[in-house]
Chemist: 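Pasting in a structure now, in structure tokens, and then I'll have a few things to ask.
Remember, predicted model here, so these are calculated numbers, not experimental data. Naming convention: chains lettered A, B, ... in sequence-line order (proteins, then strands); numbering from 1 in each chain.
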Amino acid sequence: MSKNSQPKTPQAIRGTQDIFGPDAEAFAFVVETFERVRKLYRFRRIEMPVFEKTEVFARSLGETTDVVSKEMYSFDDRGGESLTLRPEFTAGIARAYLTNGWQQHAPLKVGTHGPLFRYERPQKGRYRQFHQLDAEIIGAAEPQADVELLAMADQLLKELGIEGVTLHLNTLGDGDSREAWRAALIDYFSAVKDELSEDSQERLEKNPLRILDSKDRRDQRFLADAPKIDAFLSDDARAFFEAVTSGLDAAGVQWVRAENLVRGLDYYRHTAFEFIPDQGSAAAEALGSQSTILGGGRYDGLMESLGGPATPAVGWAAGIERLAMLVGDRSEPRLEAMVLVENDAGMSAAFQLLAQLRAGGIVADIMATGSPKKRYDKAVKQQPQHILRVDERGYHGISGEGDTSRIVKAVNAAPTSPRT
RNA sequence: GCGAUCGUAGCUCAGUUGGUUAGAGCGCCGGUUUGUGGUACCGGAGGUCGCGGGUUCAAACCCCGUCGAUCGCCCCA
């Protein structure tokens with residue numbers, strides 16, 4: 001077949017990743033560490049659908065949020081129903097909690113991880129198919145739940161070896177506190193509307209809280225004097241936040257108050273938090289402008305937006321890609337034994353030897369391609385700890401440095417033991 | 001959705017004011033040498049210069065479009 005009659009190779013979808021090698025090892029390390037820590041805190045594993053009815057996200061996240069209004073992968077299925085690839089975990093978990101009657105398990109601690117989808121401009125640490133870890137405590141109104149959830153996040157980051165990252169903590173108050181604060185912010189910023197950035201003039205209509213974390217200098221000079229949530233907190237909301245902070249102190253979780261930290265999605269109440277790299281840290285350098293590696297908060301209003309009973313809950317999500325960028329190089333498992341087949345007549349002996357090694361828990365591979373004279377060089381390039389030579393006479397020797405006892409033990413279990 | 005930079009071999013990259021048959025290193029395949037923990041040398045395969053159009057006697061190079069990547073804005077984890 002001539003070359004130009006071959007079909008063109010399709011390209012990968014924009015914003016998707018084919019992860020391989022050290023990057024894939026780092027990704028796996030993040031997930032494995034999360035799974036280990038999850039069990040320490042007795043969060044139960046759940047597996048969730050990758051798609052839901054569109055309304056699950058539209059109703060819970062808020063119709064006007066960017067995620068819903070322009071970032072969702074939505075489509076009609078063959079039955080004409082509008083479905084959406086999940087842009088986040090929380091809404092789907094809330095739906096599952098309601099439709100499966102998981103109230104019987106409340107308070108329910110769950111964790112999961114997997115791919116999410118948002119139609120965004122790809123950038124460092126931001127993809128259209130991305131992956132998150134997720135942890136939620138549903139049906140727990142007490143501030144202890146917030147503390148436990150944050151302690152888990154803090155331990156996770158420590159066990160990943162990530163340093164130079166600090167918990168930024170805020171409260172949005174209860175529903176009434178939040179609304180009063182929001183109204184005060186609108187008043188305050190409306191008075192200087194013409195001096196705000198174009199983006200913030202738009203935020204004033206759609207999401208005034210977001211003006212508080214604007215990076216634009218034109219906005220920032222108004223932030224110091226902007227109304228603070230503390231002035232609008234009810235006594236209960238203030239007591240709740242104090243219980244969270246004192247609990248964190250007792251648990252040894254470092255945190256800083258971030259009065260301007262808000263959440264983008266409508267369903268958040270009370271506790272809001274993000275783990276953010278410290279200014280000038282290696283972590284901040286590695287992440288570029290996508291700086292939040294783990295974020296979340298309390299979402300006491302979410303269940304009602306899905307037609308369920310009022311159900312308090314708190315949760316967080318963390319970007320696996322962003323965490324993987326911070327955990328450093330993760331090498332693939334060390335090759336302990338390379339079986340060098342010196343000529344093709346030794347192939348059967350090689351397979352037998354390999355089977356014995358692997359059954360004995362030895363990381364082993366085979367080198368049997370290319371000219372016999374080059375095989376040794378190619379084997380060496382794989383940097384095995386030991387090279388086991390095989391030819392038509394069978395296994396006949398091992399070379400390499402360090403302890404060979406495990407390998408010898410595995411080999412001696414073979415029907416044909418080495419001559420030496 | 002907006003802006004900037006960039007697309008040359010499997011990888012990392014050269015390629016002069018536009019000028020013969022587009023190069024190097026690494027990797028891959030083979031040979032010679034070496035002869036058992038990363039030898040040296042020789043040779044080979046591999047590119048419609050992202051894709052499409054335009055300017056020109058002549059385009060990897062200039063212009064337009066498009067797709068993609070990267071980095072910001074926005075959004076968010």
Chemist: Have a look at A:Glu198 and say if it touches a base, only the backbone sugar-phosphate, or nothing, with a 4.0 Å heavy-atom cut-off.
Modeler: nothing
Chemist: For A:His105 together with A:Tyr97, are the ring centres under 6.0 Å from each other?
Modeler: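 Ring centroids of A:Tyr97 and A:His105 are no less than 6.0 Å from each other.
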Chemist: For the side chain of A:His386, counting heavy atoms from C-beta on, which of B:C75, B:A77, B:G37 is nearest?
Modeler: B:G37
Chemist: Donor-acceptor pair under 3.5 Å: do we get one between A:Gln383's side chain and the base of B:G37?
Modeler: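 Between B:G37 and A:Gln383, which were checked side chain against base, a qualifying N/O pair under 3.5 Å is absent.
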Chemist: Would you mind pulling out the nucleotide paired to B:G19, Watson-Crick or G-U wobble, both distances under 3.5 Å?
Modeler: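 Base-paired to B:C57.
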Chemist: As a test of reading the structure: which of B:C28, B:C74, B:G37 is closest to the side chain of A:Asp199, going by heavy atoms?
Modeler: B:C74
Chemist: Measure centre to centre between the rings of A:Phe222 and A:Phe189, then say whether the value is under 6.0 Å.
Modeler: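 Between A:Phe189 and A:Phe222, which both carry aromatic rings, the centre distance is not below 6.0 Å.
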Chemist: Can you tell me if the side-chain N/O atoms of A:Lys381 get under 4.0 Å from OP1 or OP2 in B:G27?
Modeler: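 Yes.
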Chemist: Reckon A:Lys215 has a side-chain N or O less than 4.0 Å from the OP1 or OP2 of B:C73?
Modeler: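 Checking B:C73 against A:Lys215, a side-chain N or O does come within under 4.0 Å of OP1 or OP2.
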Chemist: A:Asp174 side chain to A:Ser177 main-chain N or O, any donor-acceptor pair under 3.5 Å?
Modeler: yes
Chemist: For a quick check of understanding: with a heavy-atom distance under 4.0 Å over all strands, which category does A:Gly295 fall into, base, sugar-phosphate or nothing?
Modeler: sugar-phosphate
Chemist: Looking only at the side chains, is there a donor atom on one of A:Thr90 and A:Glu136 sitting less than 3.5 Å from an acceptor on the other?
Modeler: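 A:Glu136 and A:Thr90 do have a side-chain donor-acceptor pair below 3.5 Å.
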Chemist: Please check: side-chain N/O of A:Arg128 versus main-chain N/O of A:Glu120, any donor-acceptor pairing under 3.5 Å?
Modeler: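 Yes; at least one donor-acceptor contact below 3.5 Å.
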Chemist: Using both distances under 3.5 Å as the test, list the Watson-Crick or G-U wobble partner of B:G27, or none.
Modeler: none
Chemist: Would you mind reading off the distance between A:Arg375 atom CZ and B:G31 atom C1', rounded to a whole angstrom?
Modeler: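 So the two atoms are 16 Å apart, to the nearest Å.
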Chemist: Can you figure out which of B:C75, B:C73, B:U36 approaches the side chain of A:Arg121 most closely?
Modeler: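 Nucleotide nearest to A:Arg121's side chain: B:C73.
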Chemist: Contact class for A:Leu323 (heavy atom, under 4.0 Å): base, sugar-phosphate, or nothing?
Modeler: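 Since no nucleic acid heavy atom lies under 4.0 Å of A:Leu323, the category is nothing.
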Chemist: Have a look at A:Ser399 and say if it touches a base, only the backbone sugar-phosphate, or nothing, with a 4.0 Å heavy-atom cut-off.
Modeler: base
Chemist: Would you indicate, yes or no, if B:A69 has its OP1 or OP2 atom less than 4.0 angstrom from a side-chain nitrogen or oxygen of A:Arg14?
Modeler: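 Result: yes.
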Chemist: From NE2 of A:His396 over to C1' of B:U36, roughly how many Å is that when rounded to an integer?
Modeler: 11 Å
Chemist: Is B:U32 paired to anything, Watson-Crick or G-U wobble with both distances less than 3.5 Å, and if yes, which nucleotide?
Modeler: B:A40
Chemist: Taking OP1 and OP2 of B:A69, is either one under 4.0 Å from a side-chain nitrogen or oxygen of A:Lys124?
Modeler: no
Chemist: Record whether the side chain of A:Arg126 comes under 3.5 Å of the base of B:C75 through a donor-acceptor pair of N or O atoms.
Modeler: yes
Chemist: Please tell me if A:Arg203 has a side-chain N or O lying less than 4.0 Å from either OP1 or OP2 of B:C75.
Modeler: yes
Chemist: What interatomic distance, in whole Å, is found between P of B:C6 and the corresponding atom of B:U16?
Modeler: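 That atom pair is separated by 15 Å.
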Chemist: Please work out if A:Gly15 contacts a base, only the sugar-phosphate, or nothing of the nucleic acid, heavy-atom cut-off 4.0 Å.
Modeler: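 Sugar-phosphate, no base atom in range.
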Chemist: Applying a 3.5 Å limit to both distances, which nucleotide forms a Watson-Crick or G-U wobble pair with B:G68?
Modeler: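 Per the H-bond distance test, B:C6.
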Chemist: Should A:Gln123 be listed as having a side-chain N or O under 4.0 Å from OP1 or OP2 of B:U70?
Modeler: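 Indeed not, no polar side-chain atom of A:Gln123 lies that close.
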Chemist: Tell me: OH of A:Tyr268 to P of B:C76, nearest whole Å?
Modeler: 10 Å
Chemist: Does any nucleotide pair with B:C49 by Watson-Crick or G-U wobble geometry, both distances under 3.5 Å, and what is it?
Modeler: none
Chemist: Does A:Arg210 put a side-chain nitrogen or oxygen below 4.0 Å from OP1 or OP2 of B:C74?
Modeler: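 So the side-chain polar atoms of A:Arg210 never come under 4.0 Å of the phosphate oxygens OP1 or OP2 of B:C74.
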Chemist: Send over the distance from A:Leu287 CG to B:C76 P, rounded to a whole Å.
Modeler: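 To the nearest whole Å, that distance equals 18 Å.
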Chemist: Of the candidate nucleotides B:C74, B:G38, B:C2, which contains the atom at the shortest distance from the side chain of A:Val380?
Modeler: B:G38
Chemist: Would a distance-only check, ignoring hydrogens and angles, find a side-chain to backbone donor-acceptor pair under 3.5 Å from A:Arg86 to A:Phe51?
Modeler: no
